[in-house]
Number of protein chains: 2
Amino acid sequence: MASIREVAQEAGVGVGTVSRALNGSGYVSPETRKKIEKAAKKLNYTPNELARNLYHNKTGIVGVIVPDLEHPFFSSLVKHIEMELYEQGYKTMICNTVGISRREQEYLDMLERNIVDGIITASHGLEVEEYQKQTKPIVSIDRDLGSRIPLIGCDHAKGGKLAAELMLEARRRKVFLVSGISPNVMANDRYRTFRQILEENGVVAVLQEEMGWNIFSWEAHYKMAEEIFRLHPDVDGIFGSDLAALACLNVAQRKGIRVPEDLSIIGFDAMAPSGMVYPQLTAIRQNVELLAEISVNALLDMVEQRKNVPSRLILDVEIQRGGTV
Amino acid sequence: MASIREVAQEAGVGVGTVSRALNGSGYVSPETRKKIEKAAKKLNYTPNELARNLYHNKTGIVGVIVPDLEHPFFSSLVKHIEMELYEQGYKTMICNTVGISRREQEYLDMLERNIVDGIITASHGLEVEEYQKQTKPIVSIDRDLGSRIPLIGCDHAKGGKLAAELMLEARRRKVFLVSGISPNVMANDRYRTFRQILEENGVVAVLQEEMGWNIFSWEAHYKMAEEIFRLHPDVDGIFGSDLAALACLNVAQRKGIRVPEDLSIIGFDAMAPSGMVYPQLTAIRQNVELLAEISVNALLDMVEQRKNVPSRLILDVEIQRGGTV
DNA sequence: CTGTTAGCGCGTTCAT
DNA sequence: ATGAACGCGCTAACAG
């Protein structure tokens, strides 16, 4: 609660000197420095960050917008983003849109109001135009928001290819694809590629179900899984998000379908729960840590104007070998 | 980027009038108000939150300290806290300590530096004294930080009791208890109660393993599970956190042990992954939504000095019936 | 080397 | 009803 003026008074010097002494900027003689440090300690002085923020027009806070923090991918993403931001001296404001675009908009507005210095968005509810209006630093994960906003994501097409190849190896003939329906989103690439490769290789049937793009609840996925087996009891392959894959695995086990003998299941993301089930889920893994690190560095490059950022950054994916193929 | 002064100039009035007009405080004639609103729209004026914060000495940001955001319980907790804070007009700063008490300290210091208006802590790495030094609003989840800091948590003792009763119903004779070793933490109650009830009822052996209190990784739990079955292949009951229970379930299935016929497993928390495995995990569920709501309201009662907050708030728990008992 | 002063942008008296 | 002036706490430029 003590202000810099009080410290100056206590030390018998001017406020400017205190500021320089405590920030290590400019010249201060060793002895007055001592006096100032003693006074600061005595008064238990802590600089008021609010005044600093006003002066510097900067808060050191980065906003991270996600659709659902409870989803394993996003909680992991935010965790690693927070860790990387912390390393670089920034704080993390979490913005959970729960699929409501008004909330996404409100959080986006924090840029103009100077509450955050930049935004990393992984939520895809708002019109692209709303993002393009912004002039302050933004990076996007997995969704194309135009060339001025760097796009960072994993190689979804390769993910779809790897999954398709696994299906072909396992000689699957009737494959179900659980995809999302969001426009402009990179995740679509994996389903397109997956489907294309299977069809080119003469797989008898490639069926497709579209989940709402902002549906992340277990219940919804479980219901969908039950529908799949009700309508198509003879599917022998399933590819979808981790959640979709896990739901299908669970329903299959309840119905006594043998996995992987009679049914192959492949997830995408390979987050924690995929390793908790038995057999463990075979899945395409994206490197969330790297994704977080790259995103943070791209954003801070913009915030601190360190250097130019490429408009697209694509990360590799790999197979997590489980027991469901 | 336009300041209030520019709006005043554009409208041909003083800054004070603009401030009153836009904030609806004090008297402004309808016509000048119109002029001001037009000028504000024309210049695309957005008030600078930094200046406001400095004046009001308040940011509208609440810090939430957790040990591991990737852990299902904490990601769910933070999600619901964020939603409740949003409803009440506050923003959420996430502080992930990853078990490092220096980080916990740094985040705690944000209170004094006025970066946050209050803190909800669910991390338990720092000395109690460090929290007690603080004078600004703090509430604690699941750890006693002294009578001045409201403590909010579920009824762990009842949870332990419910779990013990399930074990007795299933006539288990050699039960393994996977507990933490953190001091001052309410979670200890559930293990103490569980153990006590089983011993009073003549269960032949109650074994115990202590996980490091800030260990949340799946790998560590999996290793521990393997150890349990290696040293005690004949256990017929296991109680621990969700993660511990899921790890044991997974290892048991790999070893061909029949669950629940030959082994009963009970988790604590009943978070999402417990419903993804087959059979679904029987677990003690705590109401995270309510926990979040209560915590936020307690904290904001302090921040806005609405009313006094009880020093302890204990929430009920219930059984989530799965297929592992 | 150090003290003084002018903003940073906004909200609120206090005269008018 | 409204404008001018002050202050929130701090930093940086400037004069000494």
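Since this is a predicted model, take the numbers as computed values, not measurements. Every chain is numbered from 1 and lettered A, B, ... according to where its sequence line falls, protein lines coming before strand lines.
Shown here are the salt bridge (Lys or Arg N to Asp or Glu O under 4.0 Å) partners of Lys58(B), two or more places apart in sequence or in another chain: Asp117(B). Remark: Thr121(B) pairs with Tyr131(B) by the side-chain hydrogen bond (donor to acceptor under 3.5 Å, both in side chains) rule, at least two apart or across chains.
With salt bridges taken as basic N to acidic carboxylate O contacts below 4.0 Å, one links Arg102(B) and Glu106(B). At a threshold of 4.0 Å, the pair Arg103(B)-Glu82(A) counts as salt-bridged, since one of the basic side-chain nitrogens sits closer than that to a carboxylate oxygen.
Comparing the local axis fitted to the first five base pairs of the helix from dC1(C)-dG16(D) to dT16(C)-dA1(D) with the one fitted to its last five gives a bend of 50°, rounded to 10°.
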Considering only distance and modelled atom types, tabulate donor-acceptor pairs under 3.5 Å from the side chains of residues 33-42 of chain B, sequence neighbours left out.
{"residue": "Arg33(B)", "atom": "NH2", "partner": "Ala21(B)", "partner atom": "O", "Å": "3.4"}
{"residue": "Lys42(B)", "atom": "NZ", "partner": "Glu10(B)", "partner atom": "OE2", "Å": "2.9"}

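Place Leu54(B) and Arg33(B) on DNA chain D by their nearest nucleotides, and Arg33(B) ends up nearer the 5' end.
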Please list each protein N or O that sits under 3.5 Å from an N or O in nucleotides 12-15 of chain D, with the distance.
{"residue": "dA12(D)", "atom": "O4'", "partner": "Tyr55(A)", "partner atom": "OH", "Å": "2.9"}

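For the pair Leu50(B) CG and dT11(D) P, the computed distance is 14 Å after rounding to whole Å. Following rounding to the nearest Å, Arg113(B) (CZ) and dG9(D) (C1') show an atom-to-atom distance of 15 Å. Across the protein-nucleic acid pair, Ile36(A) atom CD1 and dT11(D) atom C1' stand 14 Å apart, rounded to whole Å. The distance from atom CD of Glu49(A) to atom P of dC10(D) is 10 Å, rounded to the nearest whole Å. Rounded to a whole Å, the CZ atom of Arg52(B) is 17 Å from the C1' atom of dG7(D). Atom CD1 of Ile4(A) is separated from atom P of dC8(D) by 14 Å (rounded to the nearest Å). Protein atom CG of Asn57(A) is 20 Å distant from nucleotide atom P of dG9(D), rounded to whole Å.
Shown here is Gln305(B), whose CD atom has no more than 12 heavy atoms of other residues, nucleotides or ligands within 6.0 Å. For Glu130(B), the CD atom counts as densely surrounded, since its 6.0 Å shell holds more than 12 non-hydrogen atoms of other residues, nucleotides or ligands.
Think of the region where chain B sits on DNA chain C: with heavy atoms and a 4.0 Å cut, that region ends 5' and 3' at dC8(C) to dT12(C).
Between Phe216(B) and Phe73(B), a ring centre-to-centre spacing not shorter than 6.0 Å is recorded.
Taking 4.5 Å as the limit, every side-chain heavy atom of Met93(B) sits out of range of all side-chain heavy atoms of Val62(B). Side-chain contact check for Glu87(B) versus Met83(B): every heavy-atom pair is 4.5 Å or farther apart.
OP1 or OP2 of dT2(D) has at least one side-chain nitrogen or oxygen of Ser29(B) nearer than 4.0 Å.
Ring-plane geometry between Tyr107(A) and Tyr86(B) is classed as tilted, the angle between the planes lying from 30 to 60 degrees on a 0 to 90 degree scale.
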